[in-house]
There are 2 protein chains.
Amino acid sequence: MPEDREVTIYDIAKYLNLSAATVSRGLNDNPMISKTTRKKIVDAAKSLGYQSNTFASSLRSKQTHTLGVLVPRLNSHFMSSVLAGMEDVANRHGYNLIIAQSLEDVEKEKLNAATMFNKRVDGLLISLSYNTKEITHLDPFFQRKIPVVFFDRVPPHNESTSIVINNFSAAYAITKHLIEQGCSRIMHLGGNVLRNVYQERLNGYQQALRDYNLPFIEQFHLTSTLSEQAGTDAARYILDLPPEERPDAVFSANDTAAVYCMLALKAEGLRIPEDVAFAGFNNDPISRVIEPNLTTIDYPGDIVGNTAATNIINHLKGLSNLYTTNSITLRADLVIRASSLKTNYKN
Amino acid sequence: MPEDREVTIYDIAKYLNLSAATVSRGLNDNPMISKTTRKKIVDAAKSLGYQSNTFASSLRSKQTHTLGVLVPRLNSHFMSSVLAGMEDVANRHGYNLIIAQSLEDVEKEKLNAATMFNKRVDGLLISLSYNTKEITHLDPFFQRKIPVVFFDRVPPHNESTSIVINNFSAAYAITKHLIEQGCSRIMHLGGNVLRNVYQERLNGYQQALRDYNLPFIEQFHLTSTLSEQAGTDAARYILDLPPEERPDAVFSANDTAAVYCMLALKAEGLRIPEDVAFAGFNNDPISRVIEPNLTTIDYPGDIVGNTAATNIINHLKGLSNLYTTNSITLRADLVIRASSLKTNYKN
DNA sequence: TATAAAAATGCAATCGGTTGCGCCTTTCTC
DNA sequence: GAGAAAGGCGCAACCGATTGCATTTTTATA
């Protein structure tokens, strides 16, 4: 017995006195094959230790059962939750994930997109890098009608499906909440407005101010990468203001910046929320560790990943049509915690 | 011009009046082909918009340039850092990552391993699930001599290469540090000792106790999944002890449990580190948010991922031989922070 | 029972690179 | 300048599954 050669459908065919074609069809549950024959084939395959060769299959069928996932960074709580959600769905449906990160660099994003295209992924799930301005590098996918689903950081006016939350209303809700707590000088730590998520959060914040007749103070809008350092810097910025010109609340577009800003302010003796109320975004684990706990928006990564993967797979299986769906908006609730509770407001 | 057919090496061959074989060799930098011809081929490929078909290639060459990564969970800071490190190296060397999670379930681990084997990954990078007892499901890899590299949670007495840190000495160092701070009743929150990492951390802790003539108190060794809940439960356990029987320090095998234990104890008015000193493990972001900041072991996930990927790729490229390397131990330093500083000890 | 219709199976081309082997040129050596 | 060695390239088989179409077998219909 030749230990080292792989078992192929030809071996099964020979073993059962059938043709390779029949075996192939039998293994793929082709209704053209009779039940009895199919069973014999499946049994034989099992007993012979057959493993289908995905290359041969993909070469011919042009299907890879592989999804490409391209994200800015792998190592954030949100993104790893997204991936976990995707992996779960994909795995359940017999799909594999090829994952790559752009490290917030358009060039790397282009390269990775090209690789995935070349690897003939059946679909692409992508969240754009910090400075991606246009998505012409995805044209090959569009041309070949390979489904692309954007999530979180999506391009403006695109025809592909996007999985998002309503960043505008989430930001609106959080700003409204701060206002209702009695805050009137609300600072916003925002990200690059090139990215929809940050633009929309900014818009929601501004709209809430308008609706409550509060002025939008230019110096209270800081743009950064929302890193730890950015949070610390924002604190420095606040501390450098004369006390009477300081904000009485800070709404940060992510939890990291909020938390590091809080830490720095606390270190200088400011009280939270008495002196400055705080709100973040994402519901990162650190938001439940900082004291006081951080009010935030629960942005459920696993559900985002789940939804994105489910939709693209359903499209691939012909169960639905992505091209008719423009965007799917998931709910993202305001989670009120102590960092913003100036009054004895109860949830 | 047939818009829809892919450009193949045959097109290039025809275009240049060469054979497909030469084109193939030329594209693969085969020295058998002259420099001039090679350049012509590469140029033609570019201008014709050629994209190599990886299936055809893999089918024949039996190489996929794909690495399988199998982890317990994707969504922890440590693991996502590991993945980021791996992705970076892999990408740089033209390898892709297929990532799957076992969700701490052996059965899912087996299934995923089988899928990856079937997808013919060139190598497997794996960290075992919480309750994996044996690794016979990896035998197919061993039999076909597909390199397997374990990291973090590695099997005992295995012949494959493992990327680890010295959990024993890290735990020893941290326990020693607590003892030097004057603690003598040190509790240990540990994980399942089936997993090397937890067993070794327990051993290091015990050895330090012995070396300093401190008794190992059975009730001070709690085993759990080290989740947030487990941390909270541990706090409850401590609070339920009569004050004089309580520990004066807690060494947790991860930061999550440590932090949630701290939070719960603080809520009950215990002072840290005065009443109970704390130390964790991993250097998770939350360790720098909790107040006081948590003393911990810096377990650098990105370096682990980087090392694992580099080693397996070098092996695949024939630049080194994994089979001669049994294990690679990375440094993991003690990071002393306020949670354990009872004296005015300076780093 | 003959015949049409339907079901089941086989034939053989195909997907697109890869590679052992052989053939034809150069280049080198004495 | 003859013979050997090296260099450059092509032939054709191959990797293993898929699939349109032809063929055979079975079932249904008259």
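Each chain gets a letter, A, B and so on, in the order the sequences are listed, and its residues count up from 1.
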Next on the checklist: If you only use heavy atoms from C-beta on, which nucleotide in dC15(D), dG16(C), dC9(D) is closest to the side chain of Ser34(B)?
Outcome noted: dC9(D)
Next on the checklist: Test side-chain contact (heavy atoms from CB on, under 4.5 Å) on Leu125(B) and Phe151(B); report intermediate values, then the result.
Outcome noted: CA-CA 7 Å; Leu125(B) 301 157; Phe151(B) 61 93; 4.1 Å; yes
Item to check | Length of the CZ-P vector between Arg38(A) and dA8(C), whole Å | outcome: 9 Å
Next on the checklist: Without decimals, in angstroms, what is the distance between Phe55(B) CZ and dT18(C) C1'?
Outcome noted: 17 Å
Item to check | dG16(C) phosphate, OP1 or OP2, under 4.0 Å from Lys62(A) side-chain N/O | outcome: yes
Item to check | Distance-only side-chain donor-acceptor flag, Thr37(B) / Ser34(B), under 3.5 Å | outcome: yes
Checklist entry - Rounded to the nearest Å, what distance is computed from the NZ atom of residue Lys14(A) to the C1' atom of nucleotide dC11(C)? => result 16 Å
Item to check | Closest nucleotide among dG16(D), dG17(C), dT9(C) to the Tyr10(B) side chain | outcome: dG17(C)
Checklist outcome for this item: Axis-to-axis angle for the helix from dT1(C)-dA30(D) to dC30(C)-dG1(D), ends of five pairs each, to 10°, equals 30°
Checklist entry - Which is true for Thr37(A) with a 4.0 Å heavy-atom rule: it touches a base, it touches only sugar-phosphate, or it touches nothing? => result sugar-phosphate
Checklist outcome for this item: Rounded to whole Å, CD of Gln63(B) lies from C1' of dC15(D) at a distance of 14 Å
Item to check | Side-chain N or O of Ser57(B) closer than 4.0 Å to phosphate OP1/OP2 of dT18(C) | outcome: yes
Item to check | Distance test, side-chain N/O of Ser58(A) to OP1/OP2 of dC15(C), below 4.0 Å | outcome: no
Checklist entry - Over how many whole Å does the gap from Ile12(B) atom CD1 to dT18(C) atom P extend? => result 11 Å
Item to check | Distance-only side-chain donor-acceptor flag, Ser129(B) / Thr132(B), under 3.5 Å | outcome: yes
Checklist entry - Base, sugar-phosphate alone, or nothing: which one does Asn17(A) contact when heavy atoms must sit under 4.0 Å apart? => result sugar-phosphate
Checklist entry - When the distance from CD1 of Ile9(B) to P of dT19(C) is rounded to whole Å, what number comes out? => result 11 Å
Checklist entry - Do Thr66(B) and Lys119(A) meet the criterion of a side-chain donor-acceptor pair at a distance under 3.5 Å? => result yes
Scan nucleotides 19-25 of chain D against the protein and return all N/O pairs shorter than 3.5 Å with their distances rounded to 0.1 Å.
from, atom 1, to, atom 2, distance (Å)
dG20(D), O6, Arg25(A), NH2, 2.6

Checklist entry - With no hydrogens and no angle check, do the side chains of Asn91(B) and Asn112(A) hold a donor and an acceptor under 3.5 Å apart? => result yes
Checklist entry - Between Arg120(B) and Leu18(B), which has a closest nucleotide on DNA chain D that is more 5'? => result Leu18(B)
Next on the checklist: Under 4.0 Å from OP1 or OP2 of dG16(C): is there any side-chain N or O of Tyr50(B) that close?
Outcome noted: no
Next on the checklist: Within the supplied structure, the quantity of interest is the number of heavy atoms (other residues, nucleotides, ligands) at a distance under 6.0 Å from Tyr15(A) OH; does it exceed 12?
Outcome noted: no
Item to check | First encountered from the 5' end of DNA chain D, between Leu27(A) and Leu59(B) | outcome: Leu59(B)
Next on the checklist: Quiz question: by atom type and distance under 3.5 Å, do the side chains of Gln63(A) and Ser58(A) form a donor-acceptor pair?
Outcome noted: no
Next on the checklist: So does Leu18(B) get a backbone contact from the side chain of Thr22(B), meaning a donor-acceptor N/O pair under 3.5 Å?
Outcome noted: no
Item to check | Leu16(B) CG to dG10(D) P, straight-line distance once rounded to whole Å | outcome: 10 Å
Checklist entry - Nearest-Å distance, NZ (Lys40(B)) to P (dG8(D))? => result 13 Å
Checklist entry - Hey, are Ser81(A) and Asp302(A) close enough side-chain-wise for a donor-acceptor pair under 3.5 Å? => result no
Checklist entry - In terms of the angle between their ring planes, are Phe141(A) and Phe117(A) parallel, tilted or perpendicular, with boundaries placed at 30° and 60°? => result perpendicular
